[in-house]
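Heads up: the structure comes next, in structure tokens.
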Amino acid sequence: MAHLYDAVIIGGGHNGLVTSAYLAAKTLRTLVLEQRPYVGGASVTEEPWPGYRVSTYAYVLSLLRREVVRDLNLKKHGLVVYPQDPPYFQPYPDGRHLMIYNDSAKTHEQIAKFSKRDADVFEEYETTLNRLAEFIEPLMMMTPPDPTSSKLSDLWSLLKMAKLARGLKKNLYDEVEVLVTSAKDFLDSWFESEELKALLCGQAVIGTLAGPRTPGTAYVLFHHVMGEVDGMRGCWGAVRGGMGQVSEAIASAARERGAEIRCDAPVEQILIRDGRATGVVLKGGEEIRARRVVSGVDPKNTFLRLMDPKTELPDDFHRQIERFRIEGSSIKVNYALGELPDFTALPGKKPGPQHKSTIDICPSLDYMERAYDEAKYGRWSSEPFVEAVIPTVYDDSIAPPGKHIMSVFAQFGPYELKEGTWDTEKEKFGDRVTEIITRQAPNFKNSVEHRQVVSPLDMERDFSLTRGNIFQGEMGLDQLFFMRPVPGYANYRTPVRALYMCGACTHPGGGVMGAPGYNAAREILDDVRRGRNG
Ligand SMILES: Cc1cc2nc3c(=O)[nH]c(=O)nc-3n(C[C@H](O)[C@H](O)[C@H](O)COP(=O)(O)OP(=O)(O)OC[C@H]3O[C@@H](n4cnc5c(N)ncnc54)[C@H](O)[C@@H]3O)c2cc1C
């Protein structure tokens, strides 16, 4: 049968869309198939209540690669990002607070309230992270080499890495420390103030089922400071129109380059003949033939549900996919508010710095560790780590006048609960989050006009995010770089010829970043140029 398409992409998450735009730009006839009525995956804007446009899942932007923004001209396609200033606000039970500003003198003053020594060292800490980021950044946009291979391309990439590592000189040891140590050990080596360490630690556990003492969490912290908004490294921003606008802008750029995007098109099977992907079958039976298939969905879905792994995969690869760690740990609680929270630690109901920043509720590393302990044993945290943003203080297009949206990301909530199910437990968890915020801002509970709780189970049901893991797979040491998603297959190819991967489960991992989609497109185009197929 004739091939209708040069490439069919399963899933219109932002990474699938990025891949489609780059393939279409090189005149490959490209089709994106998205099961939901709209594109975006975890990066969407939805309207749960009339007049409110809510970023249901992902809520802030920073990691989106500047190459993608530039190549796809996303600003022209409607992407507007408001940099957060100040970035962080953390209120404490005793009425004090810590604010991190973009201005270093103001930040120094804030940290000095807790430790003069930490205030003095903070700038050096940031400089060190920035220096390490300069090493890691090029790795993000590169295909990880297979260190066990003697292929020229792998050896060349290893050489490039060695050159980058040499450039770090003695800082290489800091780099290794960041990669392997726990967030607590890493932060203890810099600071003495529990408050500052707790504030910085939030980024180390986001999206992971791990506590501050878990080895490898320092890297997750680092992963989250890798981004930028308008050239400001580590800065996060609110997207005008919500996170769906990132995906819509990429989709618009992809269409302009000739890609076709079909929504309400769930893929049920990947067609494979003699070890080679030849197309897909949609729910309802429609067959779509293609020279290559690119999966933007997680490995469990791709290899265990969209094909028969026993007949189509080598045994060792099948085992690796079965073992791939993909545990959920995060719950989203989205609120519509009649007024802004009036924090005891920094009073005021008019938009102030406390409302413009990311609000973290986590007074100490031990608080965070205890929250994780409960999840380890199958319970949702009774005192969860709470991170909140109020995008309406930047963007007047997403809520009725005078109203606000608060987007809360809370941990921990394991996918599998010892008692009850998420259907019976999620509103109880939502009540708990409301209480935790009300402890810091007494007007909060009464200001809530609508609430939506999204559990790991909901994420799995909503857009097939296996077990609700927000990164399509744990970002642990064993699942990063040349081991993401599994060792030997970090180059976006798979054991099935002409079947590629392009989602967050591939290097460099999760976040609204576009890097996996960009790297996958480069590898596919390289195969096309060489007349190969995966
Ligand atoms: C609750 C939550 C909060 C987050 N917060 C942030 C944040 O603030 N900032 C940030 O940078 N990152 C955040 N992340 C992470 C980030 O959003 C994701 O890592 C990223 O969006 C993944 O994009 P993706 O394109 O790789 O995959 P996904 O977004 O998972 O997209 C996969 C797509 O495939 C579709 N699909 C699945 N199966 C099929 C099928 N059989 N047929 C057709 N289509 C299919 C799905 O519907 C989905 O649209 C968050 C994620 C979640 C879940």
Side-chain angles (χ1 to χ4, degrees), residues 8-20 31-44 55-65 84 203 206-207 223-224 226-227 236-239 242-244 246-247 250-251 261-270 280-283 288 293-298 300-302 305-306 326 328-334 358 387 389 391 407-411 413 453-456 458-473 475 501-506 508-518 520:
V8 159
I9 297 174
I10 306 170
H14 82 285
N15 275 313
L17 295 169
V18 166
T19 303
S20 77
L31 171 68
V32 179
L33 295 166
E34 167 56 45
Q35 63 183 355
R36 301 189 84 200
Y38 33 79
V39 294
S43 189
V44 287
S55 297
T56 316
Y57 317 105
Y59 50 104
V60 275
L61 188 73
S62 171
L63 304 171
L64 189 60
R65 295 302 315 168
Q84 269 187 325
Q203 299 298 307
I206 277 205
H223 184 83
H224 282 107
M226 285 291 304
W236 289 79
V239 176
M243 291 295 285
V246 180
S247 308
I250 301 170
I261 299 171
R262 261 178 79 179
C263 292
D264 291 311
V267 172
E268 214 166 46
Q269 192 194 338
I270 297 172
V280 296
V281 183
L282 299 187
K283 194 169 171 193
I288 299 172
V293 176
V294 188
S295 173
V297 309
D298 69 59
K300 300 267 186 196
N301 273 311
T302 306
R305 295 182 196 116
L306 297 181
I326 187 163
S329 61
S330 320
I331 296 109
K332 252 328 265 304
V333 189
N334 298 315
T358 294
E387 169 159 309
V389 295
S407 200
V408 173
F409 186 93
Q411 283 189 189
V453 185
V454 187
S455 72
D458 292 322
M459 294 181 215
E460 184 175 72
R461 285 178 184 152
D462 291 349
F463 61 107
S464 308
L465 202 60
T466 299
R467 296 175 80 83
N469 181 290
I470 73 161
F471 297 139
Q472 289 193 356
M475 299 268 297
M501 304 282 286
C502 73
C505 59
T506 60
V512 180
M513 195 178 354
Y518 175 97

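When a ligand or atom number is given, it counts from 1 through the structure's own listing order.
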Relative to the heavy atoms of R36, which atoms of ligand 1 are at a distance of less than 4.0 Å? 47 (O)

In terms of residue, atom name and distance, what is the protein heavy atom nearest to atom 25 (O) of ligand 1? N15 N, 2.9 Å

Contact summary for S247 and G40, nearest pair of heavy atoms: OG-CA, 3.3 Å

Purely on distance, is any nitrogen or oxygen of Y57 under 3.5 Å from one on ligand 1? no

Relative to the heavy atoms of K332, which atoms of ligand 1 are at a distance of less than 4.0 Å? 1 (C)

Shortest heavy-atom approach to atom 41 (N) of ligand 1 - which of T302, V280, V267: V267

For a 4.5 angstrom cut-off between non-hydrogen side-chain atoms, does Q35 reach V267? no

Donor-acceptor contact present, side-chain S295 to main-chain I10, <3.5 Å: no

Report yes if some N/O of W236 lies less than 3.5 Å from some N/O of ligand 1; otherwise report no. no

For G41, counting its heavy atoms only, list the atoms of ligand 1 lying under 4.0 Å from any of them. 29 (O), 31 (O), 48 (C), 49 (O)

Of all protein heavy atoms, the one nearest atom 14 (N) of ligand 1 is A58 CB, 3.9 Å

May I ask you to list the atoms of ligand 1 that are less than 4.0 angstrom from any heavy atom of G511? 10 (C), 11 (O), 12 (N), 15 (C), 16 (C), 18 (C), 19 (O), 20 (C)

Numbering as shown, the atoms of ligand 1 that approach A265 to under 4.0 Å (heavy-atom distance): 43 (C)

Side chain of N301, backbone of R305: donor and acceptor closer than 3.5 Å? no

Run the contact test for N301 against ligand 1 with a 4.0 Å cut-off on heavy atoms, strictly below, and give the result. no

Please find the pair of heavy atoms, one from P516 and one from T506, that lie closest to each other, and give the distance. CB-OG1, 3.3 Å

Nearest-neighbour protein heavy atom for atom 34 (O) of ligand 1, which is reported as residue plus atom name and distance: G11 CA, 3.2 Å

Among protein heavy atoms, which lies nearest atom 31 (O) of ligand 1, and at what distance? G13 CA, 3.3 Å

Starting from atom 44 (N) of ligand 1, which protein heavy atom do you reach first, and at what distance in Å? Q35 N, 3.2 Å

Please give me the minimum heavy-atom distance between A58 and S43, naming the atom from each residue. CB-CA, 4.5 Å

Backbone N or O of A504 within a donor-acceptor pair of the Q472 side chain at under 3.5 Å? yes

Below 3.5 angstrom, do we get any N/O pair linking V512 and ligand 1? yes

For G510 versus M475, what's the shortest heavy-atom pair and its separation? N-SD, 3.5 Å

N/O donor-acceptor pair under 3.5 Å between E460 side chain and R467 backbone: yes

Side-chain donor or acceptor of E387 paired with backbone N/O of Q411 under 3.5 Å: no

Closest heavy-atom contact between F471 and I206? CE1-O, 3.5 Å

Distance from atom 7 (C) of ligand 1 to nearest protein heavy atom, with residue and atom: V60 O, 3.5 Å

Using a strict 4.0 Å cut-off to heavy atoms of G510, name the atoms of ligand 1 that fall inside it. 19 (O)

Decide whether the shortest distance between a heavy atom of G296 and an atom of ligand 1 is less than 4.0 Å. yes

Closest approach of any protein heavy atom to atom 29 (O) of ligand 1, naming residue and atom: A42 N, 2.9 Å

Could you report the tightest heavy-atom contact between T19 and G517, atom names first, then the distance? OG1-O, 2.9 Å

Need the ligand 1 atom indices (1-based, order shown) with element for anything under 4.0 Å from a heavy-atom of F409. 3 (C)

Atoms of ligand 1 less than 4.0 Å from L465 heavy atoms? 30 (O), 53 (C)

Closest protein heavy atom to atom 51 (C) of ligand 1, given as residue, atom name and distance to 0.1 Å: I470 CB, 3.5 Å

Going by distance only, is there an N or O of V297 that falls short of 3.5 Å from an N or O of ligand 1? no

Report yes or no: does K332 contribute a side-chain atom to a donor-acceptor pair with the main-chain N or O of S55 at less than 3.5 Å? yes

Residue selection (non-hydrogen contact nearest atom 27 (O) of ligand 1) among E34, Q472, M459: Q472

Between H14 and G514, is there a donor-acceptor pair closer than 3.5 Å when you use the side chain of the first and the backbone of the second? yes

